[in-house]
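What follows is one structure encoded as structure tokens, with my remarks underneath.
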Amino acid sequence: MKSLVIVESPAKARTISKILGKDFTVKASVGHIKDLPAKEMGIDIENNFTPNYIVIPGKEKVIKELKKASNDAEEIYIAPDPDREGEAIAWHIADEVKGKTKKIYRIKFNEITRSAVLESMQNPGEIDMQKVDAQQARRILDRLVGYELSPLLWRKVRRGLSAGRVQSVAVRLVVEREREVEAFKQEEYWSINAEFEGSRKPQFWAKLFKFNEQKVDIKNADGANSVVENLKNSRYLLTKIERKKRRRMPSPPFITSTLQQEASRKLRFTAKKTMMMAQQLYEGIELGEEGSVGLITYMRTDSNRIAAEAQQAAREFIEKAYGKAYIPEKPPFYKSKASAQEAHEAIRPTYLNYSHEAIKHYLSKDQSSLYKLIWNRFIASQMSPAEIEQTTFIIEDRGQGLGVSAQSPISNPQSQYEFRASGSVVKFQGFMVLYTEGTDEILDENEALLPALKEGETLRLLHLEPKQHFTQPPPRYTEATLVKTLEEKGIGRPSTYAAILSTIQDRKYVHKTDGKFAPTELGIVVNDMLVERFAELMDIGFTAGMEENLDHIEDGKKKWVKVVRDFYGPFHEKLRNAKMPSLLKVKRRLQRL
DNA sequence: CAGTGAGCGAGCTTCCGCTTGACTT
């Protein structure tokens with residue numbers, strides 16, 4: 001008789017089946033199998049918030065198969081992902097599958113490698129009810145808040161609208177950024193660049209940095225012109241050369257949020273497209289005679305962890321391809337953020353023998369470019385830091401030179417103006433041979449190649465170039481920056497970032513022009529309505545507070561019913577007493593769209 | 001008598017998070 005192992009994902013089931021061999025049947029639950037009913041609240045609020053879980057429509061077949069396989073099995077191992085949601089899935093599966101006598105084991109795979117899977121099988125445990133309860137509190141609170149607020153919007157604004165802990169905070173971010181943009185007052189300022197020549201070529205540009213020990217602050221053309229007049233006939237001295245060695249560290253391997261950001265910046269993919277391409281690479285690509293191969297690890301993750309085997313393989317690859325200098329003595333360790341649930345590894349290529357060059361004919365153009373991005377980022381993350389020498393010239397004026405003879409140019413020590421020029425030379429490329437992270441901001445253009453001069457040299461002024469600038473408003477969110485912000489604030493999970501972007505657009509709360517998000521009139525009206533009455537609910541702090549309480553449930557310090565009651569009570573009270581703006585008023589405002 | 005319209009009731013919309021196909025455009 002075989003043993004049964006149940007995991008969440010069918011792709012994972014195939015991999016684990018290969019590892020465990022023919023004594024084991026491996027089945028997948030394909031995510032959650034039970035949930036609250038979609039058509040009603042499904043929570044008995046009066047009766048300790050008792051949830052009414054039902055089989056998710058369409059999942060009957062899966063459950064039937066799991067039951068049948070359980071009856072045929074000698075031992076049952078339930079192995080959903082080792083995180084909060086996974087524990088709840090395990091609990092629901094156990095409830096469906098438990099027989100009279102058979103013992104059910106909970107096992108956790110932290111990574112899907114041969115050694116890790118076999119080791120986990122040797123250490124079976126129990127379902128962690130505290131973790132399950134934390135998930136229940138999360139689920140029930142999200143349902144209560146979402147399903148009580150949304151009908152309010154149907155009545156007051158428009159049918160089909162919705163509000164919730166995650167989407168409404170996302171909309172609020174966009175609305176508030178727009179207000180900052182509107183409130184922004186553009187200010188004029190000027191910069192002055194100068195071209196100098198020393199005892200050796202090349203000539204170089206430097207930027208006016210200080211005036212009388214103060215940072216340069218020129219407001220208008222008149223100011224700029226008068227400074228230029230002063231500078232024109234001065235003598236200049238290279239008073240100091242600063243040399244700094246800097247190490248630049250590679251970025252950690254991808255997690256979902258950073259993959260979506262980089263694919264947006266470098267490949268112009270939407271979050272949705274990125275996830276679709278990644279899913280295809282994960283599930284497997286036909287590679288001619290090799291058959292179907294899963295090319296990357298799981299793409300919905302918030303962990304930077306890398307399997308020891310993969311790390312070792314990367315080091316061997318790097319040494320062979322680039323040489324010993326390119327591997328650091330100790331493999332780097334990248335810390336995950338505190339709230340990460342560490343259910344999966346970081347996103348990396350599964351097999352380093354499939355380079356993107358080697359298999360590019362089997363991939364679509366988009367699959368190929370995403371695979372290359374993941375490949376390079378992972379390999380680079382295991383390489384040595386780059387070494388960069390940064391040189392800064394500090395240049396000071398020595399007055400007008402009137403009455404100072406050419407033989408003693410340094411006789412006037414009174415300096416008013418200080419210029420700076422900086423240039424960097426890459427001494428050792430390290431990981432930068434392969435990969436550098438994209439950026440949302442405009443890079444400093446003031447990086448130049450500097451000549452080999454000596455401290456104390458006099459310099460000849462060749463050109464002066466005053467330039468007009470204007471201060472810029474804070475940038476509107478793009479998909480990349482909004483996902484980044486959501487992730488940093490702990491709003492939403494890897495499996496939902498792309499969906500959140502779709503939801504707030506589908507509801508017409510925000511729209512995208514030129515790849516940038518701005519709120520619609522509807523979005524502003526709904527946001528203000530919600531924020532006015534439920535400020536704390538529409539705030540990042542709400543999720544943070546909830547998260548902290550979920551931790552306490554997992555620690556056994558709090559009961560889940562108490563947590564739900566403490567959050568729900570004040571909210572519901574407020575909802576009951578909320579004097580919402582009259583229907584007429586809201587409608588009139590919306591007519592002006 | 002037929003046609004019109006006021007008034008009423010029923011049914012619909014919704015959350016977040018986990019996973020893939022099975023559908024349609």
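Heavy-atom basis, side chains included; hydrogens, waters and symmetry copies ignored. Just so it is clear: chains get the letters A, B, ... in the order the sequence lines come, proteins before strands, and each one is counted from 1.
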>> With a cut-off of less than 4.0 Å, is there a side-chain N or O of A:Arg507 near OP1 or OP2 of B:dC15?
In response: yes
> Is any side-chain N or O of A:Thr496 closer than 4.0 Å to OP1 or OP2 of B:dG17?
Replying inline: yes
[atom1] of [X] to [atom2] of [Y]: how many Å apart, nearest 0.5 Å?
| X | Y | atom1 | atom2 | value |
| --- | --- | --- | --- | --- |
| A:Ile104 | A:Ile76 | CD1 | CD1 | 5.0 Å |
| A:Glu8 | A:Tyr298 | CD | OH | 7.0 Å |
| A:Glu487 | A:Lys337 | CD | NZ | 4.5 Å |
| A:Ser168 | A:Met529 | OG | CE | 11.0 Å |

> Going 5' to 3' along nucleotides 19-25 of chain B, which nucleotides have protein heavy atoms under 4.0 Å from the base (write B), which only from the sugar-phosphate (write S), and which from neither (write -)?
Replying inline: BS-----
> With distance as the sole criterion, is a donor-acceptor pair present between the side chains of A:Gln367 and A:Gln280 under 3.5 Å?
Replying inline: yes
>> Regarding A:Gln135 and A:Glu85, do their side chains bring together a donor and an acceptor under 3.5 Å, going by distance alone?
In response: yes
>> At 4.0 Å (heavy atoms only), tell me whether A:Arg493 reaches a base, stays on the sugar-phosphate, or touches nothing.
In response: sugar-phosphate
In whole angstroms, how far is the [atom2] atom of [N] from the [atom1] atom of [X]?
| X | N | atom1 | atom2 | result |
| --- | --- | --- | --- | --- |
| A:Tyr497 | B:dC16 | OH | P | 14 Å |
| A:Asp83 | B:dC18 | CG | C1' | 9 Å |
| A:Leu530 | B:dC15 | CG | C1' | 13 Å |
| A:Arg84 | B:dC16 | CZ | P | 16 Å |
| A:Arg155 | B:dC12 | CZ | C1' | 15 Å |
| A:Arg139 | B:dC18 | CZ | P | 12 Å |
| A:Ile491 | B:dC16 | CD1 | P | 11 Å |
| A:Leu144 | B:dC16 | CG | C1' | 13 Å |

>> So is the aromatic ring of A:Trp154 stacked onto the base of B:dT14, judging by whether the centres are under 5.5 Å apart and the planes are under 30° apart?
In response: no
>> So is the aromatic ring of A:Tyr147 stacked onto the base of B:dC15, judging by whether the centres are under 5.5 Å apart and the planes are under 30° apart?
In response: no
Between the protein and nucleotides 8-10 of chain B, list the N/O to N/O atom pairs that are separated by less than 3.5 angstrom.
none

>> Using the rule side chain to side chain contact (heavy atoms under 4.5 Å, CB included), only one of A:Leu352, A:Leu373, A:Ile296, A:Ile347 pairs with A:Phe378; which is it?
In response: A:Leu352
> Using the ring of each side chain (for Trp, its six-membered ring), is A:Phe24 parallel, tilted or perpendicular to A:Tyr77, with breaks at 30° and 60°?
Replying inline: tilted
Enumerate the residues from [range] whose closest heavy atom to DNA chain B is under 4.0 Å, giving them by residue number; use none for an empty result.
| range | value |
| --- | --- |
| residues 535-551 of chain A | none |
| residues 160-173 of chain A | A:Gly160, A:Leu161, A:Ser162, A:Ala163, A:Gly164, A:Arg165, A:Val166, A:Gln167 |
| residues 37-58 of chain A | A:Ala38, A:Lys39 |

>> According to salt bridge (Lys or Arg N to Asp or Glu O under 4.0 Å), who are the partners of A:Glu345, at least two apart in sequence or on a separate chain?
In response: A:Arg348
>> Tell me which pairs pass side chain to side chain donor-acceptor pair (under 3.5 Å) where either residue lies in residues 34-43 of chain A, with sequence neighbours left out.
In response: A:Lys34-A:Asp95, A:Lys34-A:Glu96, A:Asp35-A:Arg139
>> Applying side chain to side chain donor-acceptor pair (under 3.5 Å) as the test, list every pair that has at least one member in residues 13-27 of chain A; sequence neighbours left out.
In response: A:Lys27-A:Glu65
> For A:Phe269, is the NZ or CZ atom of A:Lys273 found under 6.0 angstrom from the centre of its six-membered ring and inside 45 degrees of the ring axis?
Replying inline: yes
Please table the atom pairs, donor to acceptor, closer than 3.5 Å between any side-chain atom in residues 282-290 of chain A and protein atoms at least two apart or in another chain.
| unit_1 | atom_1 | unit_2 | atom_2 | d |
| --- | --- | --- | --- | --- |
| A:Tyr282 | OH | A:Ser9 | OG | 3.1 |
| A:Glu283 | OE2 | A:Gln279 | NE2 | 2.7 |
| A:Glu290 | OE1 | A:Tyr354 | OH | 2.7 |

> Under 6.0 Å between ring centres, would you say that holds for A:Tyr477 and A:Phe517?
Replying inline: no
>> Surrounding CE of A:Met276 (heavy atoms of other residues, nucleotides or ligands, distance under 6.0 Å), is the total greater than 12?
In response: no
> Donor-acceptor pair under 3.5 Å: do we get one between A:Arg143's side chain and the base of B:dC16?
Replying inline: no
> Heavy-atom distance under 4.5 Å between the side chains of A:Ile112 and A:Ile16, does that happen here?
Replying inline: yes
> Under the ring pair (Phe, Tyr, Trp, His ring centres under 6.0 Å) rule, what pairs show up with a residue in residues 116-150 of chain A, not counting sequence neighbours?
Replying inline: none
>> I want to confirm an ordering. Mapping A:Arg159 and A:Gln341 to their closest nucleotides on DNA chain B, which one lands closer to the 5' end?
In response: A:Arg159
For residues 120-127 of chain A, which side-chain N or O atoms pair as donor and acceptor with protein atoms under 3.5 Å away, sequence neighbours left out?
| unit_1 | atom_1 | unit_2 | atom_2 | d |
| --- | --- | --- | --- | --- |
| A:Ser120 | OG | A:Lys108 | O | 3.0 |
| A:Ser120 | OG | A:Ala116 | O | 2.9 |
| A:Asn123 | ND2 | A:Glu119 | O | 3.0 |
| A:Glu126 | OE2 | A:Lys103 | NZ | 2.9 |

>> Show me, range against range, the stems involving DNA chain B, built from at least 3 consecutive Watson-Crick or G-U pairs below 3.5 Å.
In response: none
>> For A:Arg138 and A:Glu547: C-alpha separation, side-chain torsions, deciding distance, then whether salt bridge (charged side-chain N to carboxylate O under 4.0 Å, His left out) applies.
In response: CA-CA 8 Å; A:Arg138 198 281 302 156; A:Glu547 199 68 38; over 6 Å; no
